[in-house]
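Quick note on labels: first sequence line is chain A, next is B, and so on, each numbered from 1.
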Amino acid sequence: MDHHDEDDAHLSSQIVEEEDLLFDDGPSEQPSLDETTGNADIDKITAQHSDIDETLRVRLAGPSTSKVNYHALQRLFTFIEFLINYYFPIQAGMDSVDKAKVNEIIYEVSKGSSFFENERKKDNAVTGRINALLSKYERIKNDVLSEEFIIVDNMIEELEDERDLNQCIVHIDMDAFYASVEELDQPHLKTVPMVSFAFQAVGGIGMLCTSNYEARKFGVRSAMPGYIALKLCPQLKIVPLNFSKYREASAKVRSVFEQYDPHYCPMSLDEAYLNITEHLKTTNKSPPEVVVEIRDKIFKETLLTASAGIAANKMLAKMCTDVNKPNGQFYLKSELADIQEFINPLSIRKIPGVGRVTERVLNALNVNTCKDIYPQRAMLYKLLSDISFKFLLRAHLGIGSTSVDSEYVRKSISVERTFRSLSSRTDLYFKLKDIAQKLAKDLESKNLCGKTLGLKIKLTSFEVRTRAKTLPGNIYKQEDLEKYASQLLEKELPVSLRLMGIRLSSLCSRDEIDQKGVKRVGICTIF
DNA sequence: ATACATACC
DNA sequence: AACTGGTATGTAT
């Protein structure tokens with residue numbers, strides 16, 4: 001899409017605006033899925049899911065009543081729960097969405113769709129992973145693990161050295177950004193459910209890019225396919241995306257950031273981190289007072305509201321933004337006790353980097369809130385990789401990076417397209433040429449070349465495959481991209497595809513290489 | 001190095 | 001019927 005072309009560096013990727021966690025699924029909403037024990041208890045399961053549509057239950061139960069099928073039944077319910085939480089994460093007590101209706105929509109929408117079947121496959125794979133972890137867990141759960149506790153506690157001491165409580169980091173996030181910009185021009189949209197769509201690639205309406213707060217009341221959210229949104233809310237007003245307007249608004253917002261931290265780090269059009277430590281030295285105002293001032297200026301400039309979090313590091317600041325959204329802010333004092341008090345009760349899902357899958361895995365290990373990480377630390381140390389474990393430990397301790405820096409080094413660049421099912425050789429190679437052309441254009445404008453070429457294909461079944469090849473030298477020309485990508489594609493034929501993409505990594509600037517594709521100034525010059 | 005999965009906006 | 005695109009990074013082999 002051409003609206004990306006003028007975007008700066010990594011920000012060009014913003015299509016879907018941030019998903020506001022308005023409707024948090026609290027831990028109480030989560031069914032205590034029996035992967036957590038590995039033992040299927042069908043009575044318990046059916047009791048937990050008694051609200052699920054009767055016909056669905058009958059259908060899923062199938063003709064057989066064997067134990068194996070009970071297990072399959074359990075898995076399917078888990079999956080349905082997953083889908084419901086995915087699309088309609090409505091808080092308990094929110095009656096704006098009729099739960100039975102939601103289930104029905106899910107069922108209607110799911111049946112017979114390749115997407116659904118593929119999601120189920122992925123979900124089963126996660127269950128397999130969880131079960132493998134759980135059998136490991138079973139073996140060690142009664143061990144004292146005193147050595148592990150010692151190791152972990154030493155680790156904690158080391159991590160504490162990383163802690164820096166002397167910076168004041170602010171995370172700012174515009175409220176329903178694209179939708180709010182649209183409402184500026186068309187104020188009547190404020191009171192009706194409204195969304196913007198994009199990507200009409202495969203027909204239909206496409207994917208939802210943003211939704212206003214009225215639409216969210218119906219469970220309509222960004223990154224939802226249009227036809228589901230319309231089923232949820234038939235009166236939904238659809239407006240086209242106007243990326244240049246969002247960029248314009250974003251520029252005004254950024255000019256405010258600039259005044260408080262010239263090194264502010266934009267994460268997308270509607271979101272940024274600021275380090276206001278230096279600014280605080282120039283004023284008598286407290287951190288929250290400064291942030292009120294920033295948000296006031298943003299409002300005066302754009303008539304748009306923003307939410308903010310203020311804390312000792314980026315992770316905490318981001319988590320704080322969520323607390324009083326929309327149009328609010330939260331200040332977490334840089335005191336150990338305050339940080340612990342803030343972190344402990346939060347669901348692990350609130351940790352940036354913990355998504356739906358990781359949440360499920362951790363829940364299975366009886367880790368539901370950040371507080372749970374500590375008593376389980378020796379077990380988690382044994383079960384998780386060093387990287388994952390340290391990541392969790394840092395989150396639990398509230399330790400995070402304080403570096404706010406707009407510098408950015410790109411590591412890869414890619415173009416991918418979704419289309420109506422294609423399987424003939426001619427069509428596929430034509431599409432490949434198209435994509436290579438676009439990538440070559442992007443490489444040109446960014447003055448880049450690279451030597452690892454990757455091909456990504458998504459079959460009509462939604463199965464995704466990636467193939468890559470590291471070449472002897474750097475490439476950037478369309479013909480070269482096309483040539484090597486074709487070689488990778490050739491091996492996959494025959495296939496019926498819905499998506500194709502080309503990625504180039506191991507990048508370097510074109511200025512740094514000579515005609516042979518060899519770097520002039522390489523790592524070797526250091527030695 | 002490659003493949004695949006997860007996460008973020 | 002119908003479920004995006006761009007980038008980074010972790011995990012496994």
Using a 4.0 Å heavy-atom cut-off across all strands, classify [X] as base, sugar-phosphate, or nothing.
{"X": "A:Arg503", "result": "base"}
{"X": "A:Lys122", "result": "nothing"}
{"X": "A:Phe462", "result": "sugar-phosphate"}
{"X": "A:Val409", "result": "sugar-phosphate"}

Quick one: list whatever passes side chain to side chain contact (heavy atoms under 4.5 Å, CB included) with A:Ser196, sequence neighbours left out.
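Applying side chain to side chain contact (heavy atoms under 4.5 Å, CB included) to A:Ser196 gives A:Glu182, A:Thr210, A:Val239, A:Leu241, A:Tyr246.
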Salt bridge or not for A:Glu359 and A:Arg356, using N-O below 4.0 Å?
no
Out of [options], whichever nucleotide has its closest atom nearest the side chain of [X]:
{"X": "A:Arg465", "options": "B:dA7, C:dG6, B:dC4", "result": "B:dC4"}
{"X": "A:Val357", "options": "B:dC9, C:dC3, B:dA7", "result": "B:dA7"}
{"X": "A:Ser385", "options": "C:dT11, B:dA1, B:dA3", "result": "C:dT11"}
{"X": "A:Phe115", "options": "B:dT2, C:dC3, B:dT6", "result": "C:dC3"}
{"X": "A:Ala223", "options": "C:dG5, C:dT7, C:dT4", "result": "C:dT4"}
{"X": "A:Lys458", "options": "B:dT6, C:dT4, C:dA8", "result": "C:dT4"}
{"X": "A:Glu271", "options": "B:dA3, B:dT6, B:dC9", "result": "B:dC9"}
{"X": "A:Arg410", "options": "B:dA7, C:dA8, C:dC3", "result": "C:dA8"}
{"X": "A:Arg498", "options": "C:dT4, B:dA7, B:dT2", "result": "C:dT4"}

Side chain proximity check, A:Met174 to A:Leu269, heavy atoms < 4.5 angstrom:
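They are not in side-chain contact.
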Between A:Pro266 and A:Arg254, is there a side-chain heavy-atom distance shorter than 4.5 Å?
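In short, these two side chains touch, coming nearer than 4.5 Å.
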Can you tell me if A:Arg467 touches the phosphate of B:dC4, counting only side-chain N or O atoms and a distance under 4.0 Å to OP1 or OP2?
yes
Between A:Thr466 and B:dA3, is there a contact of a side-chain N or O with OP1 or OP2 at under 4.0 Å?
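Result: no.
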May I have the distance from [X] (atom [atom1]) to [N] (atom [atom2]), rounded to whole angstrom?
{"X": "A:Tyr178", "N": "B:dC9", "atom1": "OH", "atom2": "P", "value": "12 Å"}
{"X": "A:Ile351", "N": "C:dG10", "atom1": "CD1", "atom2": "P", "value": "15 Å"}
{"X": "A:Lys390", "N": "C:dT9", "atom1": "NZ", "atom2": "C1'", "value": "17 Å"}
{"X": "A:Leu455", "N": "B:dT2", "atom1": "CG", "atom2": "C1'", "value": "13 Å"}
{"X": "A:Phe197", "N": "C:dG5", "atom1": "CZ", "atom2": "C1'", "value": "17 Å"}
{"X": "A:Ile457", "N": "B:dC4", "atom1": "CD1", "atom2": "C1'", "value": "13 Å"}
{"X": "A:Met224", "N": "C:dT4", "atom1": "CE", "atom2": "P", "value": "14 Å"}
{"X": "A:Tyr227", "N": "C:dC3", "atom1": "OH", "atom2": "P", "value": "6 Å"}

A:Phe389: partners by ring pair (Phe, Tyr, Trp, His ring centres under 6.0 Å), with sequence neighbours left out
A:Tyr381
Please determine which of A:Glu492, A:Glu416, A:Glu463 meets the salt bridge (charged side-chain N to carboxylate O under 4.0 Å, His left out) test together with A:Lys456.
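For A:Lys456, the salt bridge (charged side-chain N to carboxylate O under 4.0 Å, His left out) check succeeds only for A:Glu416.
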What's the gap between C:dA2 and B:dA7 when it is taken at their P atoms, as a whole Å value?
26 Å
